[in-house]
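To keep things clear, I will list the structure first and then write my remarks on it.
Because the structure is a prediction, the values reported are computed rather than measured. Quick note: numbers below take in every heavy atom, side chains included, and nothing from hydrogens, waters or symmetry partners.
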Amino acid sequence: MSVLEALRVPDGLSARVPAEERGAGRDDVRLMVSRGTAVAHHAFRELPGLLRAGDVLVVNTSATLPAAVNARLGGERLVVHFSTRGDAGPSGAAPTGGVWAVELRSPDGAGSTLPRAGGPAGARVRLPGGGVLVPREPLVEGSPRLWWAAVSVDVPALLARYGRPIRYRYTERDQPLSAYRTVFALPAPDGSGSAEMPSAARPFTESLVTELVRRGVQFAPVTLHTGVASAEAHEPPYPERFEVPAATAWLVNAARASRRTGGGRRTGEGGRAGEGGRIVAVGTTAVRALESAAGPDGTVRPAAGWTDLVVTPARGVRVVEGLLTGLHEPAASHLLMLEAITGREALTRSYTEALRHRYLWHEFGDVHLVLPAEDAH
């Protein structure tokens, strides 16, 4: 059995509160850097010295929603996690509030929730303010967790008035919505957003972004509205809405072309000469969006809609060369994406080091920067 297959994250390594409550600020987290099997340990504030002029950071601008709402089914108390806004839905015309993929959970009495099977179909789940949610059918046949449901009221308005951020049991207490939004978050015109935070970008601050730009690092925005990913359920990601704008496609393609022609060679302020123009995704959501817009030759085109892409070692990556991400549970499909980028041996080495150095897991935890192996020195 490999280290990854045997990995169990000790309870003491779950980040229970945001970094700004543990230390000096959002960027007060540790940064593990992997280049192939070479692993180094840094503070996140050192990131500008680890990147090069011309590198492109692809960031997800989706804003986290207050996606958890109390509800009742008859005499049963529930918590509804609103995951993803649907189209017309599986049964045709959309109701007043639209069709949403939802997860029904049971409150645990301590501010968090416990898993619960979805449905039953046709049940009338009462929402605060007089709204009604009616489960229709499972999102994936045979999987009881997420269901398509018709909603009688405007969901963004419902969430704005009654919602709170989704919270899991490893966290210590409720946090304000601002704790679950990144510096890159932008409101969507239709009120859409992410059920859970694109957390790899959480340690960025305005001052750090300013310093990266000053050093010649470029930022390329994409949007992917991520759905719920309960820690108890180790499933591949469901289809999610995404957009890769034309400006981002152009910037990524230009950076890659510059590297091919040798135009990206520069000397960074850290004194290290090297070839800039590496495409580094900030978070697995940014990988999923960008790779969904890439052709077989790696050319990125503007794209928007739904993506069901799951990046695996067999599929590989076409555009992304590096990844900044959190630390993932051993059965999570995100590890397949990391393996596609860095390889199994390098991934095993880095996670062994993360455990040995007691890195913190989950959305308020430490982060991992994966760079191409040829950058090792």
Start with the C-alpha distance between R167 and E363, add both sets of side-chain angles, then the distance that settles salt bridge (Lys or Arg N to Asp or Glu O under 4.0 Å), and finish with yes or no. CA-CA 10 Å; R167 176 191 158 203; E363 65 267 29; over 6 Å; no

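- Using a 4.0 Å cut-off between charged side-chain N and carboxylate O, R259 and E321 make a salt bridge.
- D297 and T299 share a side-chain donor-acceptor pair at under 3.5 Å.
- By the 4.0 Å N-to-carboxylate-O rule, E345 lies too far from R349 to be salt-bridged with it.
- Between the side chain of E291 and the backbone N or O of V320, at least one donor-acceptor pair lies under 3.5 Å.
- Between the side chains of D366 and W361, no donor N or O sits under 3.5 Å from an acceptor N or O.
- T325 contributes no side-chain N or O that, together with a main-chain N or O of H368, makes up a donor-acceptor pair within less than 3.5 Å.
- Scored by the salt bridge (charged side-chain N to carboxylate O under 4.0 Å, His left out) test, R301 finds no partners at all (sequence neighbours excluded).
- Panel note: side chain R126, backbone G74; a donor-acceptor pair is recorded below 3.5 Å.
- V17 belongs to no hydrophobic cluster, as no Ile, Leu, Val, Met, Phe, Trp or Tyr side chain comes under 4.5 Å of its own.
- For W250, the CH2 atom counts as loosely surrounded, since its 6.0 Å shell holds 12 or fewer non-hydrogen atoms of other residues, nucleotides or ligands.
- Here R256 pairs with nothing under the salt bridge (charged side-chain N to carboxylate O under 4.0 Å, His left out) rule; sequence neighbours left out.
- For the 3.5 Å distance criterion, the side chains of T307 and S292 qualify, holding a donor opposite an acceptor.
- When hydrophobic side chains of Ile, Leu, Val, Met, Phe, Trp and Tyr are connected at separations under 4.5 Å, M197 ends up clustered with Y180, F364.
- Taking hydrophobic clusters as Ile, Leu, Val, Met, Phe, Trp and Tyr residues chained together by side-chain heavy-atom distances below 4.5 Å, V244 shares a cluster with M337.
- In this structure, D28 and A19 approach most closely via the heavy-atom pair O-CB, 4.0 Å.
- If you run side-chain contact (heavy atoms from CB on, under 4.5 Å) between V56 and each of L51, V319, I279, only I279 comes through.
- Evaluated for a side-chain contact (heavy atoms from CB on, under 4.5 Å) with P198, the options V59, L224, T64 yield exactly one hit, T64.
- With respect to R202 and D27, no salt bridge is recorded, no charged nitrogen being found less than 4.0 Å from a carboxylate O.
- A donor-acceptor distance shorter than 3.5 angstrom exists from the side chain of Y351 to the backbone of H328, with no hydrogens or angles considered.
- The shortest distance between side-chain heavy atoms of H225 and F242 does not fall below 4.5 Å.
- Within a 6.0 Å radius of CZ in R161, other residues, nucleotides and ligands contribute 12 heavy atoms or fewer.
- Ring geometry for F204 versus F44: interplanar angle over 60°, hence perpendicular rather than tilted (30 to 60°).
- Residues that satisfy the side chain to side chain donor-acceptor pair (under 3.5 Å) test with R164, not counting sequence neighbours, are N70.
- The closest side-chain heavy-atom distance from V282 to L323 is not below 4.5 Å.
- A perpendicular orientation is assigned to the rings of H357 and Y359, their planes being inclined by more than 60° (bins at 30° and 60°).
- Between F82 and W100, the two ring planes are perpendicular [angle over 60°; tilted spans 30° to 60°].
- A distance of 9.5 Å separates CZ in R45 from CG in L208, rounded to the nearest 0.5 Å.
- A heavy-atom distance below 4.5 Å is found between the side chains of L31 and L324.
- With contacts defined as side-chain heavy-atom distances shorter than 4.5 Å, the pair H362/L327 does not qualify.
- Atom CD of Q218 and atom CG of L251 lie 4.5 Å apart (nearest 0.5 Å).
- Around the CZ atom of R77, the shell of radius 6.0 Å holds no more than 12 heavy atoms that belong to other residues, nucleotides or ligands.
- Legend: salt bridge (charged side-chain N to carboxylate O under 4.0 Å, His left out) pairs involving residues 106-117, not counting sequence neighbours, sorted by first then second residue: E76-R116, D108-R169.
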